[in-house]
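Just so it is clear: chains get the letters A, B, ... in the order the sequence lines come, proteins before strands, and each one is counted from 1.
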Amino acid sequence: MSETLWRGWARRVAMAPGAVYALILLSLAFALFTAQFLTLHNLTNVGMQGSVLVIVSLGMTLIILSEGIDLSVGPVLGLAGVVLALAVKQQVPLPLAILAAIAVGTTFGALNGALISYLGLPPFVVTLGTFGVAQGCALILSKGSSIPELGPRVQYFYDGQIFGVRVPIILTAIVFLTVYLILYYTKFGTYIFAIGGNQQALTLAGVRTLRYKAGVYLLGGSLAATAALVMTARMNAAHPTVAVGLEFDAIVSVILGGTSFERGKGWLGGSIIGALAITVLRNGLTLVGMSSSWQVSTVGLVIILAIVADALRRI
Amino acid sequence: MSHMWFSSLARLATIVMLLVILSVLSPPFLSLQNLINVVRQASLLFLLASGLTVVILTSGIDLSIGSVLALSASIAATLIKQDWIWVGPLIGLLVGAGCGFLNGLMVALVGLPPFIATYGMLWIAEGFAVVFMKGEIIGGFPSSFRFLGAGHIVGIPVPILGMVVTLSACLFALRRTNFGRYVYMIGANREAARLSGINIRGNLLLVYSLSGFISAFAGLLFISRIGAVESTIGEPLLLPALAAVCIGGTSLFGGEGGIGGTVVGALILTLVTNGMNMLNVSSYWQSLLMGAIVVLSVAVDQLGSARVERT
């Protein structure tokens with residue numbers, strides 16, 4: 001191996017997103033300290049548990065690439081799940097129920113997008129507002145309690161298999177491919193990078209930036225609803241506040257994955273690695289036997305340390 | 001300028017309208033005793049919103065106020081139950097200021113976007129509060145501590161006094177000190193502020209520490225008034241505080257607005273909440289309404305200022 005090639009690789013390793021290190025270190029640690037971590041059964045579990053976060057993180061990646069943020073994905077996911085469950089309970093045909101849930105998510109995404117893009121409002125305030133609205137709607141519709149026992153046809157979206165592969169993994173793969181194609185092979189994708197880089201320049205070049213910027217949030221909302229399908233199937237129930245805090249995990253997956261809030265820089269694969277790292281962290285802490293109350297602060301702490309380390313490395 | 005004048009008039013009209021509606025709904029509402037009670041309960045919102053206003057003036061945000069309140073109140077309460085009646089609250093205040101200081105470090109030194117740094121702090125503080133309380137409720141404080149929330153000095157409830165003192169201090173700091181001018185300058189144009197030699201890092205550290213300190217102080221008054229604490233008391237407090245600041249007309253882009261507007265915003269919100277309670281509106285609707293108020297008030301404000309700019 002020639003020296004320049006070696007240097008290039010060394011540089012690439014040094015500048016790899018924090019998520020890569022986090023995933024490797026966490027996996028090594030849990031593999032050493034627990035016997036159950038490195039089993040096929042548990043790794044499949046990680047993949048399944050992670051699928052909800054991965055799907056939401058993919059949408060969040062596009063939003064953060066456009067220099068935005070979406071704090072409302074957690075409650076929107078909860079609301080979409082509640083709508084799905086209520087529709088199923090009302091004997092609505094399953095495809096229609098799924099469509100209704102996705103329509104709700106897309107509507108909230110469109111609302112976020114319109115307010116942020118066309119009115120120029122700060123994304124975190126708008127989405128914190130719609131956070132409250134979606135949360136309120138979910139609580140009102142479900143009367144604040146779980147909607148359980150949705151039946152095997154809903155559960156299929158978690159337990160089912162197609163050619164031996166579990167359905168959530170297939171769904172995640174489809175979402176990834178779609179978002180990947182959109183981001184790297186369409187005009188929309190190119191514009192997302194450009195909006196994050198320099199929105200004004202893009203507008204001056206004659207591109208209708210506002211509609212593309214709004215489109216990013218719309219996509220994020222519909223992906224949140226897609227994730228709601230997997231989440232509801234997994235629990236065989238919908239709960240209005242099930243996903244509160246998920247937006248935090250998603251944002252962190254994206255940042256650890258090397259997508260930056262500035263200058264439209266980012267990498268879609270990094271977000272998946274980031275989401276897996278967080279899932280491994282939660283899964284491992286449970287295997288080690290840490291109580292869920294300790295997990296909240298431990299996960300928060302590890303995550304903040306990782307972000308700070310990542311930010312410091314890049315200064 | 002006419003836009004500002006118009007919106008203050010609109011806010012005043014809203015307050016008068018709400019007062020009329022509430023007194024029609026329930027005639028005893030306008031009695032002095034009830035009004036004092038309403039303000040006593042609202043002091044929590046006023047305090048949190050005033051700290052948040054200072055942060056937002058620097059074009060920052062502090063999403064962690066609710067959970068910092070919960071954490072510092074949990075720690076203070078645990079110590080008070082160990083008969084450390086003076087040390088407990090003091091440590092609570094220190095914990096609050098410390099969380100704020102960490103926020104400031106992440107924002108000012110590391111350069112993280114404020115909403116990321118403080119959103120992380122939200123989960124860390126909440127997590128530690130859960131760990132600390134183990135899901136239990138601590139209650140039955142000694143009467144010397146209850147005085148803070150339920151006592152009176154010269155006939156005025158202590159929380160109202162605490163609120164008035166804090167608001168006046170913030171108002172004075174923003175209007176009459178160099179610190180206040182720096183806060184506005186950092187928010188209006190950070191680069192210009194830096195070039196004119198303002199210590200941006202130091203001032204931001206101070207602003208975020210202040211916000212944490214005020215959250216902890218509000219938490220002490222709160223748990224002393226209701227006489228108990230659990231780890232989740234902070235959760236529903238963030239959105240109303242943010243809504244109060246937004247209604248009050250403080251710009252989320254920084255450098256514009258102030259404590260006066262926030263007081264008006266918090267007043268409007270308090271009246272709305274009271275009205276909903278009188279009408280027995282479920283708390284589920286209140287979450288929806290708070291969110292809608294945040295979105296609507298920033299949208300209206302933005303549309304208004306955009307129109308002024310164009311003309």
Side-chain angles (χ1 to χ4, degrees), chain A residues 67 69 71-72 75 111-112 114-115 118-144 240 244-245 247-249 251-252 255 261-262 291-305 307-312 314-315, chain B residues 56 59 61 63 71 102 105-106 109-117 119-135 231 235-236 238-240 242-243 245-246 251-253 282-303 306:
Chain A
E67 284 194 326
I69 194 82
L71 301 180
S72 72
L111 182 68
N112 283 334
L115 289 164
Y118 292 103
L119 286 184
L121 301 177
F124 63 89
V125 179
V126 169
T127 55
L128 197 61
T130 47
F131 179 111
V133 175
Q135 182 85 281
C137 290
L139 286 168
I140 292 164
L141 284 177
S142 66
K143 302 192 180 64
V244 170
E247 64 281 353
F248 179 63
D249 285 5
I251 295 167
V252 169
I255 299 176
F261 276 99
E262 291 132 29
S291 71
S292 62
S293 54
W294 269 103
Q295 278 189 33
V296 180
S297 48
T298 311
V299 171
L301 210 61
V302 169
I303 282 168
I304 280 291
L305 284 178
I307 295 179
V308 168
D310 211 37
L312 288 176
R314 273 152 217 282
I315 282 177
Chain B
I56 289 182
S59 78
I61 186 86
L63 300 176
L71 176 62
L102 287 177
L105 277 182
M106 289 191 282
L109 292 183
V110 182
L112 294 181
F115 60 91
I116 290 292
Y119 201 51
M121 181 56 76
L122 186 160
W123 291 105
I124 294 177
E126 175 156 334
F128 276 114
V130 171
V131 168
F132 213 82
M133 303 291 294
K134 300 178 193 74
S231 58
E235 250 169 52
L238 169 64
L239 259 183
L242 186 65
V245 178
C246 292
S251 162
L252 287 152
F253 299 101
S282 91
S283 62
Y284 302 155
W285 280 95
Q286 302 201 5
S287 158
L288 196 161
L289 200 81
M290 288 300 160
I293 287 178
V294 167
V295 171
L296 278 179
S297 56
V298 288
V300 167
D301 226 46
Q302 178 80 350
L303 283 175

Query raised in the report: Is it the backbone or the side chain of B:Leu238 that comes under 4.5 Å from a heavy atom of chain A, or both, or neither?
Result: side chain
Query - Exercise: identify the closest heavy-atom pair between A:Gly132 and B:Leu239 - result: CA-CD1, 3.7 Å
Query - Separation of A:Ile140 CD1 from B:Leu288 CG (nearest 0.5 Å) - result: 5.0 Å
Query raised in the report: So, do A:Phe248 and B:Leu122 sit near enough that their side-chain heavy atoms are less than 4.5 Å apart?
Result: no
Report summary line: One should read off an interatomic distance between B:Leu252 CG and A:Leu121 CG, to the nearest 0.5 angstrom, of 9.0 Å
Report task. Using a 4.5 Å cut-off on heavy atoms from C-beta on, say whether the side chain of A:Leu115 contacts that of B:Val295. Result -> yes
Query raised in the report: Which pair of non-hydrogen atoms, one from A:Gly136 and one from B:Ser287, has the smallest distance, and what is that distance?
Result: N-OG, 3.5 Å
Query raised in the report: Which region of B:Met106, side chain (C-beta onward) or backbone (N, CA, C, O), has a non-hydrogen atom less than 4.5 Å from a non-hydrogen atom of chain A, or is it both or neither?
Result: side chain
Query raised in the report: Given the options B:Leu112, B:Leu63, B:Ile61, which has more heavy-atom pairs under 4.5 Å with chain A than any of the others?
Result: B:Ile61
**Report entry** Parallel, tilted or perpendicular: ring planes of A:Phe124 versus B:Phe115, cut at 30 and 60 degrees
**Finding:** parallel
Report summary line: When rounded to the nearest 0.5 Å, the distance separating OH of B:Tyr119 from CG of A:Leu128 is 8.0 Å
**Report entry** Heavy-atom closest contact (A:Val125 atom, B:Cys246 atom, distance)
**Finding:** CG1-SG, 4.4 Å
Report summary line: When every non-hydrogen atom of A:Glu247 is compared with those of B:Trp123, the smallest separation belongs to OE2-CZ2, 4.4 Å
Requested in this report: Please determine, among B:Val294, B:Val130, B:Ile124, the option with the most heavy-atom pairs under 4.5 Å with chain A.
Outcome: B:Ile124
